[in-house]
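In what follows, chains are A, B, ... by sequence order, proteins preceding strands, each numbered from 1. All values below were derived from every heavy atom in this structure, side-chain atoms included, with hydrogens, water molecules and symmetry-related copies excluded.
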There are 2 protein chains.
Amino acid sequence: MKQLVILGILLSINVSSQTDAENIKKIYSNSLTNGKSYEWLDHLSNKIGARLSGSLGAERAVAYTKEELEKLGLDKVWLQPVMVPKWIRGLPEFAYIETLPGMTTHVNICALGGSVETPGGGVRAHVVEVQGIDELKALSPEQVKGKIVFFNRAMQADLIDTFEAYGGCADQRYAGAMEAGKLGAVGVIVRSLNLRLDDFPHTGSMTYGDLPVSQRIPSAAISTNHAELLSTMLALDPSINFFFKQNCKQMADVESHNVIGQITGSEFPDEYIVVGGHLDSWDLGDGSHDDGAGVVQSMDVLRLLKESGIKPKRSIRVVLFMNEENGLRGGKKYAEIAKSKKENHIFALESDSGGFTPRGFSFDCSDEVFNKVLGWRDLFKPYLIHYFEKGGSGADIGPLKSDHIVLAGLKPDSQRYFDYHHAATDVFSAVNKRELELGAATMASLVYLFDAYGTGTE
Amino acid sequence: MKQLVILGILLSINVSSQTDAENIKKIYSNSLTNGKSYEWLDHLSNKIGARLSGSLGAERAVAYTKEELEKLGLDKVWLQPVMVPKWIRGLPEFAYIETLPGMTTHVNICALGGSVETPGGGVRAHVVEVQGIDELKALSPEQVKGKIVFFNRAMQADLIDTFEAYGGCADQRYAGAMEAGKLGAVGVIVRSLNLRLDDFPHTGSMTYGDLPVSQRIPSAAISTNHAELLSTMLALDPSINFFFKQNCKQMADVESHNVIGQITGSEFPDEYIVVGGHLDSWDLGDGSHDDGAGVVQSMDVLRLLKESGIKPKRSIRVVLFMNEENGLRGGKKYAEIAKSKKENHIFALESDSGGFTPRGFSFDCSDEVFNKVLGWRDLFKPYLIHYFEKGGSGADIGPLKSDHIVLAGLKPDSQRYFDYHHAATDVFSAVNKRELELGAATMASLVYLFDAYGTGTE
């Protein structure tokens, strides 16, 4: 009798996981043969382009994605208003190394997002090179005052996960100008956060904290090739001058929107699963990897579930967040409203690491839920999805964090991400159709499983 | 007492695997911070270029790689003569679809390697479209005679491993002209083996088997975009004509060489481990992925072992095989000589699937050895190497197969491989430095382990 009972349990597990395997196969096949993500990305990248918060591009992207979601026959599509910062780059930046009076070498820079402009004629000063904020702080005030501080710490090449290498350098970009301003520097030049040696400067967010306006100095990124050049020239002659000019500006906040679409759950309509990416991008390139890919993959998750004949038990929302890059206002607003409405969010998944071949997910959840997820690993094996680790999830879904929600981030192959990140190289042609589609299917499969089985913490 | 013994065994396993972990870490760090593979590939691709067997490029590649191996301070570097076929493309091919007399649409084709030329003025004929050889054979002779056969079976997009999709279509390219020639066709056009829709024709090898010369008809690949166009036009009007002209030729065999370098083993010098790729490439593009990547990775395996302070017990050979693409003469010659000298080859590893992010290896070996390999998996986990499966290895090392040798192939991510394979798009800029270097380190790590522990079949 005992044996029969055990057999019964085993059989029911097998049947269920066979259905799961079949549904997941349908999802992948559909994405690879009939996916919409690549076509949507083509439009977003090539017909709309860069989508910095407060820009016309961002507003066109809101309208376009809302329209496309409406075509999918979801139960509900709406816009969620949110005030966002508006920073404008102004005229193209201009910079050179001056080795002798009038003898100049042009270098490629771009203002960092949030930076102030240079005073009218530009900044020309001697340069002090440091490998990071600690090294800056160890200098005497005279070594910094009136100088341009050049942060030149390179991303660590022998880290396998390039996001780890990014994390080890991003403080220079984010806080370098604030720290150098306190010490009386007149400008900051930061080595681009790029593992390649090439000619493209990479922008990104920076802060002045609560520094008085008088101490806020202009800050720009320099291409890795030109960072190497500047460092070499400084080694030959520490007295050379650097000149740069930029006329970027922070404007008043403007209204923008998160774009949201929903399939309402058939059994537990009040339990919400969110899948999303961010609709805004930096203003260089067209943000195809960061985060056009995440946007179109998230949109396709809902379509793939529908097309595969899966009727979600829980309510599945795609949320296209506004303003991840320089404010996170969209992510914060979404969580604020969810909280005020007491919506029970059980799972949120973000794709914001590029449209490369998916390798798996990182999870921010309890050990109990994580073990449940590990039980699903074999379902992903045919698709070469092997990475299931605890770790971060996504910036936009971070504000949803609670003691019971499960947060996850798609982990694509990271080797090429920083070749494109925040630079003019982040364009549609850098995205491979199959890799993008595999990512969408991988996300849809995890959403399917969490919808089918819940998190156990509802 | 019993417990103490067990403890002793456990400790020794831990110590050994800690040393292994450290050595493997050294190998990866060295490859990512101080690798030579990318620099070598730059030279091979940009200073030498395409390397079809019998071409000047192939001979220059032999000289260059020999010279570079000699700089590494190996114990021995030599050339192994081998006669190779020489096929020449001749003048650029020319093709069009003729919808009305004189109303033509130019399309992109390239002769398949080994094809005969078109008769003097080119071939102009009606077209019969088929989805493969079976469909061709089901036609009546009148449906084929005097026609151009258009093989248009597309690679199956929902297979995750693109090599599997390739395997499902390659017969059209390889044997299509032979089968169509038997039925009296006057030419063959084959859809390029490419999962993307783009404008590049992809060449590759084909055969006439033992068909009499009179039945050998010219055969060319057409870009996927133009295959779609041709198919669409045929659907509108089956009576349209297709014209193509090519003046390729098979010449007499010429002498070329495999390039070999060796570190002689300190303990078991008569046990050989081979790591290799193929030095020849097709004549479109510069063969950066196929197989420049495998060549420079294999060269770097020996350098990485040396630089990491590892002194191999067994003799490690890098073998750069000539003529994989259209004859496999180098692989056959190497095995023939190894056999005649009774050299005991215990392990051979080939990299010939592109220079993309490595995912793991496929193994051609006994279950016993495979289980041993599975025991090494955790050592690879920090490098996201997760794929260890039984399967094929590499074309060039295939002739070494015996009842005790272990054969393996590096498995990089396969999604983008056929975007470049055998086409003008296979160039240096399509290779990412870190991905290439990760592949070299992954190969070196497996070679290190087989050297340290043997295969158990020596």
Side-chain angles (χ1 to χ4, degrees), chain A residues 24-35 38 154-162 164-165 194-198 355-360 377 380-389 411-420 425 429-439 441-442, chain B residues 24-35 38 154-162 164-165 194-198 355-360 377 380-389 411-420 425 429-439 441-442:
Chain A
I24 290 173
K25 192 175 164 62
K26 268 187 224 160
I27 289 170
Y28 274 93
S29 286
N30 196 313
S31 192
L32 286 166
T33 60
N34 188 34
Y38 194 66
M155 287 171 75
Q156 196 183 325
D158 60 355
L159 293 172
I160 304 304
D161 182 342
T162 61
E164 206 182 316
N194 175 9
L195 282 149
R196 281 178 72 93
L197 290 174
D198 67 24
F356 305 97
T357 298
R359 306 289 297 265
R377 266 189 303 194
F380 286 97
K381 210 181 164 197
Y383 311 100
L384 304 181
I385 301 301
H386 64 101
Y387 185 93
F388 296 84
E389 301 286 343
K411 292 279 281 185
D413 194 277
S414 77
Q415 297 311 319
R416 284 172 287 136
Y417 187 61
F418 293 97
D419 298 359
Y420 308 118
T425 49
S429 59
V431 176
N432 177 277
K433 182 171 181 284
R434 290 178 60 82
E435 295 184 355
L436 183 76
E437 290 167 348
L438 284 169
T442 304
Chain B
I24 289 172
K25 192 176 163 64
K26 269 188 224 161
I27 288 169
Y28 274 93
S29 286
N30 196 314
S31 191
L32 286 166
T33 60
N34 188 34
Y38 194 65
M155 287 172 75
Q156 196 183 325
D158 61 354
L159 294 171
I160 305 301
D161 183 342
T162 60
E164 208 182 315
N194 176 9
L195 282 150
R196 281 178 72 92
L197 290 175
D198 67 24
F356 305 97
T357 297
R359 305 290 296 264
R377 267 189 303 193
F380 286 97
K381 210 183 165 195
Y383 311 101
L384 305 180
I385 301 302
H386 64 101
Y387 185 93
F388 295 83
E389 301 287 342
K411 291 279 280 186
D413 194 276
S414 77
Q415 299 310 320
R416 286 173 286 136
Y417 188 60
F418 292 98
D419 298 358
Y420 308 119
T425 49
S429 59
V431 176
N432 177 275
K433 182 172 180 283
R434 290 178 60 82
E435 295 184 355
L436 183 75
E437 291 167 347
L438 284 169
T442 304

Can you tell me which portion of B:Tyr383 sits under 4.5 Å from chain A's heavy atoms? Options are side chain, backbone, both or neither. both
I'd like to check A:Asp413 versus B:Leu384 (side-chain heavy atoms, cut-off strictly below 4.5 Å). Are they in contact? no
So, using side-chain hydrogen bond (donor to acceptor under 3.5 Å, both in side chains) as the criterion, who are the partners of A:Lys433 when residues are at least two apart? A:Glu437
Would you say B:Arg434's side chain and A:Arg196's backbone share a donor-acceptor pair under 3.5 angstrom? no
Cut-off 4.5 Å, heavy atoms of chain B, and the answer for A:Asp419 is side chain
Run the side-chain contact (heavy atoms from CB on, under 4.5 Å) test against B:Leu159 and tell me which residues pass, sequence neighbours left out. B:Gln156, B:Glu164, B:Ala165
Rounded to the nearest 0.5 Å, what separates atom CG in A:Asn432 from atom CD in B:Gln415? 7.0 Å
side-chain contact (heavy atoms from CB on, under 4.5 Å) for B:Arg359 and A:Arg359? Distances and angles first, verdict last. CA-CA 10 Å; B:Arg359 305 290 296 264; A:Arg359 306 289 297 265; 3.2 Å; yes
Could you pull out the closest heavy-atom pair between A:Thr33 and B:Ala157, with the gap in Å? CG2-CB, 4.3 Å
In terms of heavy-atom pairs under 4.5 Å with chain B, the winner among A:Arg416, A:Lys381, A:Glu435 is A:Arg416
Output the distance between atom CG (B:Asp158) and atom CG (A:Asn34), rounded to the nearest 0.5 Å. 11.0 Å
Which atoms of A:Lys25 approach chain B - backbone, side chain, both or neither, heavy atom under 4.5 Å: neither
